[in-house]
Amino acid sequence: EPELTIKAAHAASATNTGHLALEFIDEQMRERTEGRIGLEIFPNGQLGGERELIESLQLGNLDMAFVSSAPLGSFNKEYFALDIPFLFKDRESVYRVLDGEVGQGLLDSLERVGLHGVGYWENGFRQLTNNVKPIYTPADLEGMKMRTMENEVHIAAWREEGANPAPLAFSELFTALQQGTFDAQEGPINLFYDMKFFEVQKYITKTNHIYSPFVVLMNPEVTARMSDEDRAIFEEVFAESKAYQRKLAQEADDKAEAAMPEITFVELTAEQQAEFAGRMGPVIEMVKKKVGAEAVDRIMAIANGE
Amino acid sequence: MISALLFIPFLVMLLVSVPIGIALGLASTLALLVSGKVSSSYIAQGLVTSIDSFPLMAVPFFVLAGDLMGHGGLSKRLLKVGLVLFGRYSGGLAIIAVVTCMFFAAISGSGPATVAAVGAILMPAMAKGGYRPPFTGGLIASAGSLGVIIPPSIPMVIYATSANVSVTKMFMAGVVPGALIGIALIVYAWFQARREGIERSTERHSFNDIVVTIWEAKWALMVPVLILGGIYGGVFTPTEASAIGVIYGLIVGLFVYRELKFSDLHHIFASSALTSATIMLIVGAATIFGRVLAIERIPVMMADYITQLVSNPLMILILINLLLLVVGTFMETLAAIIILTPILLPVAAASGVDPVHFGIVMIANLAIGMVTPPVGVNLFVASRVGNIPLERLMRSAAPFLVVMLLILALITYVPALSLGLPALFGM
Amino acid sequence: MKFINEKLEETLLVALLASMTLLIGLQVFMRYVMEASLTWSEELARYLFIWATYIGVSYGVRKQAHIRVTAFSDLLPDRGQIVVRILIHLVFGLFAALVIWEGTKLTAKIYGFGQTSSSLGVPMAYVYAAPVVGFGLVVIRLIQHIVLDIARLSGRAPEAEE
Ligand code: NA
Ligand code: NA
């Protein structure tokens with residue numbers, strides 16, 4: 001038994017790349033601290049959904065977790081900045097923002113709400129999927145009943161694109177898509193594959209509308225309990241886990257795509273992509289109201305490489 | 001040690017008549033305080049997060065819808081149709097109850113919601129038809145577990161994603177086992193109704209009578225049409241359907257049949273909310289109890305122990321059945337699936353069990369766990385909805401339980417019952 | 001005072017359940033008929049449901065409607081049953097006290113951290129206050145029952161149960 005067992009939980013499956021990265025950290029920490037520090041991992045939302053996990057970190061009932069960025073906005077408005085649709089063109093632009101001072105600033109701002117932000121792994125670029133027809137432009141999406149996450153920026157964005165968006169519990173989503181209560185939904189391709197949505201959806205449009213990171217969080221008291229030396233080891237191991245997990249996550253998307261030959265993938269031309277992005281003016285204004293115009297302008301400039 | 005702290009205080013409190021939800025909550029707190037892994041603030045958090053669930057809201061809505069239909073004259077007319085068509089046969093109403101449960105099972109995907117919906121409508125009617133309420137309650141609580149075996153079913157979706165099998169194939173594999181359990185319950189109910197000498201009507205009905213009765217019940221007969229049609233037509237989700245049922249019951253009761261008075265509504269709403277709250281307290285506390293089990297890794301240890309004990313595939317399946325029955329008694333179905341699938345499936349698969357077949361066995365087990373004391377959420381719902389003392393209900397549910405266990409054994413050892421239908425469709 | 005004693009929980013429950021029904025009905029209507037989904041109706045209905053549950057728990061104490069196994073306590077003589085009932089009220093009260101104590105701290109912390117709900121943007125502390133308030137009412141109802149039962153034990157009150 002290690003002297004410090006870090007209780008880590010997440011709401012994804014035990015085959016998810018985030019879970020593998022936690023196992024990687026566990027293994028490396030035990031090895032490099034001669035077994036003094038290890039992880040105990042609770043996957044599959046065993047200890048609650050993402051919102052509940054974040055709360056449990058705040059309350060000291062959990063030591064570590066990774067969550068997608070969408071629920072973090074409810075805890076710290078600054079995170080809504082990452083929900084701006086079409087903010088990132090590619091992974092390079094993602095890493096400029098997340099691994100630079102903006103990303104670090106966002107992590108630091110979590111201290112105010114009782115969370116220690118460790119860093120960013122990858123959940124994936126989110127894509128638009130549906131069961132009606134291939135979607136090339138917002139006009140194709142007009143009036144489609146679409147499930148979104150319970151996040152006001154996401155909902156506003158899809159309404160601007162012309163869809164009829166509404167939130168729905170994730171556990172009910174499969175049957176709702178099967179019975180046509182909802183026609184469309186959005187999310188990373190590897191999650192789409194893991195959740196078997198390919199059995200009830202036909203088309204994936206590669207909109208890349210949002211890049212969703214996994215934000216790795218800790219209870220601040222746990223890091224405080226480590227010696228300086230151990231903390232340095234932890235940071236080193238985490239940095240390695242980041243490279244390891246991001247590679248796995250990209251491979252997972254590619255593998256998922258290859259494993260779904262029955263799905264029609266729609267690649268957008270630059271003009272079609274611009275048509276989706278062009279409708280996001282009011283949504284950017286909405287985010288500016290939440291997190292400040294200056295912060296939004298800065299993050300957009302860095303994302304665009306300006 | 002910790003498991004003793006969870007189970008012994010719980011059972012003691014249960015026996016001295018402490019409300020079940022409170023017993024679960026206090027036992028969980030005690031275990032948390034002793035283990036020190038998580039603080040007891042977890043209880044206060046869990047009471048909110050465990051019932052912060054949209055699908056759970058089907059329970060109050062279905063209870064309310066049933067109550068409104070009872071007071072509004074819909075249930076009475078449905079009953080008349082049932083009597084005119086099947087009153088001549090012994091156990092006719094019991095058969096109607098099981099078939100109705102199978103229909104509801106197919107739409108609701110949830111055991112307690114099925115019991116709430118069917119029980120609230122049929123239990124009063126069957127009491128008038130001469131059935132003992134505990135018998136009716138036991139029947140509906142048992143048939144209500146079909147909710148998760150006959151598709152659609154949220155537990156099946158969760159299993160399919162945990163086990164990496166096709167959801168559609170799981171759904172299809174559940175049809176025959178679900179129908180088998182339904183038929184077995186019907187056979188037993190019919191047999192028992194004859195034995196108890198429940199009066200059958202000697203009246204003969206002319207074709208004309210039948211047509212008139214059906215026509216008079218047309219607004220009531222629209223209920224299943226509306227709900228099934230709405231769900232399969234993609235108008236609303238099963239949970240939303242329960243609220244639509246309330247609104248429809250209100251409109252027909254108040255304005256069409258005019259048997260429901262505005263002055264009745266206060267009482268009806270309050271008593272449905274009461275029923276729902278007493279059930280939700282247990283659901284919330286049981287979820288916390290299950291989380292504490294997970295934190296202490298008790299199901300994992302039990303499963304590891306079993307799988308090391310034997311290597312014979314038949315024995316493994318028997319032991320897994322026993323384990324799941326125990327777990328299904330104490331843990332919420334979804335949590336049990338999520339925690340146990342990754343542990344048990346590899347063991348079962350290694351001894352040659354098909355993962356889809358295994359999923360059906362697992363879900364049937366956990367469904368039966370909804371009817372086994374001490375924590376059987378279907379029994380609680382039936383007890384509240386039918387106003388039947390819990391222990392009388394448990395006693396009369398016992399034979400139904402035996403029937404279901406026999407079918408479970410059949411499903412376990414004849415994989416073709418689950419896998420035949422998907423195979424027919426080339427899956 | 002009389003209203004609070006006799007009708008408080010009941011009136012709140014009726015209002016909550018009626019609102020939940022209307023919200024979900026409206027949600028379906030807006031999505032399917034008007035093709036302009038509401039985004040906050042499900043969330044609001046869910047939080048009202050949580051409140052209805054814990055107000056209902058208190059109503060359940062008042063009506064003595066909580067689900068329990070009475071096979072063994074039924075075997076006791078009348079006075080023994082009353083003594084056991086008082087004990088059970090005390091055990092219930094212990095849990096209620098725990099929920100109120102932990103729940104108050106929790107609600108205060110969540111309020112302090114400023115977490116808001118996803119769709120309506122209201123403080124989540126309002127949701128976490130539900131069990132605290134509900135179990136607060138529970139304590140009042142338990143005290144009423146205990147006083148009545150003690151009176152029964154000393155023969156000063158009729159045996160009638162609700
Ligand atoms: Na079902
Ligand atoms: Na059970």
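Letters A, B, ... mirror the listed sequences (proteins, then strands); counts begin at 1.
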Checklist outcome for this item: Under 4.5 Å to a heavy atom of chain C? For B/I282 that would be side chain
Item to check | Proximity breakdown for B/L250 and chain C, heavy-atom pairs closer than 4.5 Å | outcome: neither
Item to check | Options C/L13, C/V132, C/L17, ranked by heavy-atom pairs under 4.5 Å with chain B, top entry | outcome: C/L17
Item to check | Pairs of heavy atoms under 4.5 Å with chain B: top-ranked of C/L106, C/L16, C/I50, C/V84 | outcome: C/I50
Checklist entry - Is it the backbone or the side chain of C/L87 that comes under 4.5 Å from a heavy atom of chain B, or both, or neither? => result neither
Checklist entry - Where do B/V18 and C/I88 come nearest, in terms of heavy atoms and distance? => result CA-CG2, 4.0 Å
Checklist outcome for this item: Most contact-rich option vs chain C, by heavy-atom pairs under 4.5 angstrom, among B/A273, B/P19, B/A44, is B/P19
Item to check | Side chain / backbone / both / neither for C/A96 at chain B, heavy atoms under 4.5 Å | outcome: neither
Item to check | Part of B/V16 within contact of chain C (heavy atom distance under 4.5 Å) | outcome: backbone
Checklist entry - Checking B/I244 against chain C: side chain, backbone, both or neither under 4.5 Å from a heavy atom? => result side chain
Item to check | chain C contact via B/F61 - which portion, at a heavy-atom distance below 4.5 Å | outcome: side chain
Item to check | Minimum heavy-atom distance between B/A277 and C/A52, given as atom pair plus value | outcome: CB-O, 4.3 Å
Could you show, one pair per line, the donor-acceptor contacts under 3.5 Å between chain C and chain B?
unit_1 : atom_1 : unit_2 : atom_2 : d
C/E10  : OE2    : B/H266 : NE2    : 3.1
C/Q27  : NE2    : B/E240 : OE2    : 2.6
C/R31  : NH1    : B/E240 : OE2    : 3.0
C/R31  : NH2    : B/V235 : O      : 3.2
C/R31  : NH2    : B/E240 : OE1    : 2.7
C/R46  : NE     : B/D52  : OD1    : 2.6
C/Y54  : OH     : B/L47  : O      : 2.7
C/I67  : O      : B/I20  : N      : 3.0
C/R68  : NH1    : B/S17  : O      : 3.3
C/V69  : O      : B/S17  : OG     : 2.9
C/T70  : N      : B/E391 : OE1    : 3.1
C/T70  : N      : B/E391 : OE2    : 3.4
C/T70  : OG1    : B/E391 : OE2    : 2.5
C/A71  : N      : B/E391 : OE2    : 3.4
C/S73  : OG     : B/S17  : OG     : 2.7
C/E102 : OE2    : B/S40  : OG     : 2.8

Checklist outcome for this item: Taking every heavy atom of B/L274 against every heavy atom of C/A65, the minimum-distance pair comes out as CD2-CB, 4.0 Å
Checklist outcome for this item: Assert top hit (heavy-atom pairs under 4.5 Å, partner chain C, pool B/I268, B/V235, B/L14, B/I247) equals B/V235
Checklist outcome for this item: Minimal heavy-atom distance between C/V91 and B/I22, with the atoms involved, is O-CG2, 4.3 Å
Item to check | Nearest heavy atoms of C/A18 and B/F269, plus distance in Å | outcome: CA-CE2, 3.7 Å
Item to check | chain C contact via B/L26 - side chain, backbone, both or neither, heavy atoms under 4.5 Å | outcome: both
Next on the checklist: Less than 4.5 Å apart, side chain to side chain, heavy atoms only: is that true for C/F95 and B/I43?
Outcome noted: yes
